[in-house]
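As structure tokens, the structure follows; a few thoughts come after it.
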Amino acid sequence: MLSFIEFLLKHCIIFCLVLFFSNCNKKTIQKNEYAQLLNEHPATNSKNYPRQSGDWTSRAVNIDSTRISFTKSVNEIDGFTEIPTESTSMEGMRTKLEAISKSFHPKVKDLFDKYLFAIYFCEKLGGTGISGFIYDNQKNKPVGGFIIIDSSVINKKANDWITYKERSAFQLGDISLQIQIENETENTIDNALRYILLHEMGHIISNTLGISPDLRMATPDYKEYPFFNEIWISEKESNYDTKTFPFRSKVKFYSSDSSALKLDLVWDQVYPILNKTRFTTLYAATNALDDFAEAFVSYIHCILDNRPWELTLSKQGKVIYKMKNRIHELEREQEFLRRNVFK
């Protein structure tokens with residue numbers, strides 16, 4: 001028979017275990033802040049779009065009141081105050097899209113033709129681009145999406161744009177950071193836009209094909225989806241966080257100078273560690289959804305199109321570290337994309 005002390009200890013342990021697992025569940029199943037917007041906003045309803053036909057570039061238009069309302073709501077959720085306005089350079093954007101479409105691998109163009117319902121151009125977006133999802137509410141399933149691009153910020157060549165994006169996560173100090181994604185002859189503004197569009201399309205593909213949880217769900221569980229299994233516990237928590245890559249959660253792109261990590265102090269705890277993970281790029285490590293979007297664009301850019309992607313860190317003119325896009329080493333991710341997207 002248990003003594004009173006043994007009884008208390010036994011039940012205290014049981015209570016602590018219950019409390020521990022309860023807290024774990026609360027921590028890993030996070031509320032989806034976009035669920036209500038995607039369930040209710042008219043921008044997400046397929047009946048509000050014309051039937052899809054022809055080349056995807058023919059669906060490029062100036063932003064309208066419905067998409068302005070949608071973007072305003074997204075910005076409010078994300079903590080931004082910007083409200084987009086119409087683009088003043090639509091014709092130039094259409095010309096760029098036509099050139100980009102001609103450069104696409106046939107399988108990539110097919111995805112854009114099938115799943116991109118519209119592309120809207122605006123100004124004062126609050127970022128470079130965002131993607132939205134479209135649903136057939138009668139069949140209760142995602143059928144595609146739309147992309148919104150701020151035409152006023154499409155003004156950097158490809159290598160300059162992606163280098164600027166990567167640098168935004170750090171205070172550089174004595175270290176120089178450069179990324180090359182195009183050879184000199186292909187280092188154009190059009191190819192910067194191309195890369196941006198491919199990333200945003202990755203979000204649409206992951207939601208439409210069921211690769212990620214449907215973002216209308218209030219509490220999506222990423223652990224149940226093969227691409228994210230063993231990498232992501234929830235949208236923003238990774239299995240790498242405790243031991244392999246503890247700096248992952250500290251990396252914030254587009255940080256202010258005062259809050260950004262100091263690259264000269266942490267580079268060896270970021271990029272060499274990233275090179276041991278299943279993230280294709282550092283941006284892929286920021287959350288589960290961007291992990292797939294970056295794998296998608298990396299596969300197209302590096303594997304299908306055989307274009308360069310190399311990051312270089314230098315100090316006082318001397319190279320101290322180089323790495324290529326991780327997709328070259330990630331056979332599992334390549335096979336997943338071949339089987340589930342590029343059939």
Report the relative orientation of the aromatic rings in Phe70 and His41; use parallel for angles under 30°, tilted for 30 to 60°, perpendicular for over 60°. perpendicular
Requested in this report: Could you label the plane-to-plane angle of the Phe342 and Tyr299 rings as parallel, tilted or perpendicular, counting under 30° as parallel and over 60° as perpendicular?
Outcome: parallel
Mind checking what makes side-chain hydrogen bond (donor to acceptor under 3.5 Å, both in side chains) contact with [X], not counting sequence neighbours?
X: Tyr225; value: none
X: Gln180; value: none
X: Trp309; value: Tyr195
X: Asn140; value: Arg216

Residue pair [X] / [Y]: nearest heavy atoms and the distance that separates them:
X: Arg94; Y: Val61; result: NH2-CA, 4.3 Å
X: Ala158; Y: Asn191; result: CB-C, 4.0 Å
X: Asp55; Y: Ser101; result: OD2-OG, 3.4 Å
X: Cys122; Y: Ile63; result: CB-CG2, 3.7 Å
X: Ser131; Y: Ile204; result: CB-CG1, 4.1 Å
X: Ile303; Y: Gln334; result: CD1-NE2, 4.0 Å

**Request:** Just do the side-chain contact (heavy atoms from CB on, under 4.5 Å) check on Ile83 and Asn75 with the steps written out, would you?
**Result:** CA-CA 8 Å; Ile83 301 174; Asn75 282 348; over 6 Å; no
Please tell me if the side chains of [X] and [Y] come closer than 4.5 Å, counting only heavy atoms from C-beta onward.
X: Arg194; Y: Phe104; value: yes
X: Asp305; Y: Val108; value: no
X: Leu116; Y: Leu197; value: no
X: Trp56; Y: Leu97; value: yes
X: Thr208; Y: Phe133; value: no
X: Trp161; Y: Val153; value: no
X: Ile189; Y: Lys96; value: yes
X: Leu215; Y: Leu289; value: yes

Decide whether [X] and [Y] are clustered together by the hydrophobic rule: side chain heavy atoms of Ile, Leu, Val, Met, Phe, Trp, Tyr closer than 4.5 Å, transitively.
X: Phe80; Y: Val74; answer: no
X: Met93; Y: Ile130; answer: yes
X: Leu330; Y: Met323; answer: no
X: Ile233; Y: Met217; answer: no

Note to self: What verdict does the side-chain contact (heavy atoms from CB on, under 4.5 Å) test give for Phe296 and Ile211, after you've listed the backbone C-alpha separation in whole Å, the side-chain angles of each residue and the deciding distance to 0.1 Å?
What the structure shows: CA-CA 12 Å; Phe296 178 83; Ile211 292 167; over 6 Å; no
- Message: If only side-chain N and O atoms count, and only distance matters, is there a donor-acceptor pair under 3.5 Å linking Thr188 with Glu182?
- Response: no
Practice task
For the residue pair Thr185 and Asn183, confirm or rule out a side-chain donor-acceptor distance under 3.5 Å.
Solution key: no
Exactly one of Thr44, Asn45, Asn39, Asp214 clears side chain to side chain donor-acceptor pair (under 3.5 Å) with Tyr135, and that residue is Asp214
Exercise for the section: Check step by step if side-chain contact (heavy atoms from CB on, under 4.5 Å) holds for Thr128 and Ile154. Expected result: CA-CA 8 Å; Thr128 305; Ile154 306 299; 3.9 Å; yes
Check: [X] side chain, [Y] main-chain N or O, donor-acceptor pair, under 3.5 Å:
X: Asn48; Y: Pro42; answer: yes
X: Asp264; Y: Ile175; answer: no
X: His301; Y: Pro308; answer: yes
X: Asn159; Y: Asn187; answer: no
X: Asn287; Y: Lys236; answer: no
X: Asp291; Y: Ala285; answer: no
X: Thr277; Y: Ile273; answer: no

Going by ring pair (Phe, Tyr, Trp, His ring centres under 6.0 Å), name the residues that satisfy it together with [X], two or more places apart in sequence or in a different chain.
X: His199; answer: His203, Tyr283
X: Phe336; answer: Phe227
X: Tyr222; answer: Phe228

Please enumerate all residues that pass side-chain contact (heavy atoms from CB on, under 4.5 Å) together with [X], with sequence neighbours excluded.
X: Thr286; answer: Phe253, Asp290
X: Thr312; answer: Glu310, Ser314, Val319, Lys322
X: Gln171; answer: Ala260, Lys262
X: Lys250; answer: Phe247, Leu261

Across all chains, not counting sequence neighbours, the salt bridge (Lys or Arg N to Asp or Glu O under 4.0 Å) partners of Asp241 are Arg248
Taking only Lys NZ, Arg NE, NH1 and NH2, and the carboxylate oxygens of Asp or Glu, determine whether [X] and [Y] approach each other closer than 4.0 Å.
X: Arg67; Y: Asp64; value: yes
X: Glu76; Y: Lys72; value: yes
X: Arg332; Y: Glu335; value: no
X: Glu329; Y: Arg326; value: no
X: Lys109; Y: Asp113; value: yes

Given the options Phe292, Tyr240, Phe279, Trp232 meets ring pair (Phe, Tyr, Trp, His ring centres under 6.0 Å) only with Phe279
Quiz item: Do other residues, nucleotides or ligands put more than 12 heavy atoms under 6.0 Å from the NZ atom of Lys157?
Solution: no
Taking it one step at a time, do Glu166 and Leu177 satisfy side-chain contact (heavy atoms from CB on, under 4.5 Å)?
CA-CA 8 Å; Glu166 194 83 5; Leu177 183 157; 3.7 Å; yes
dist Ile300:CD1 -> Leu111:CG (nearest 0.5 Å) comes out at 7.0 Å
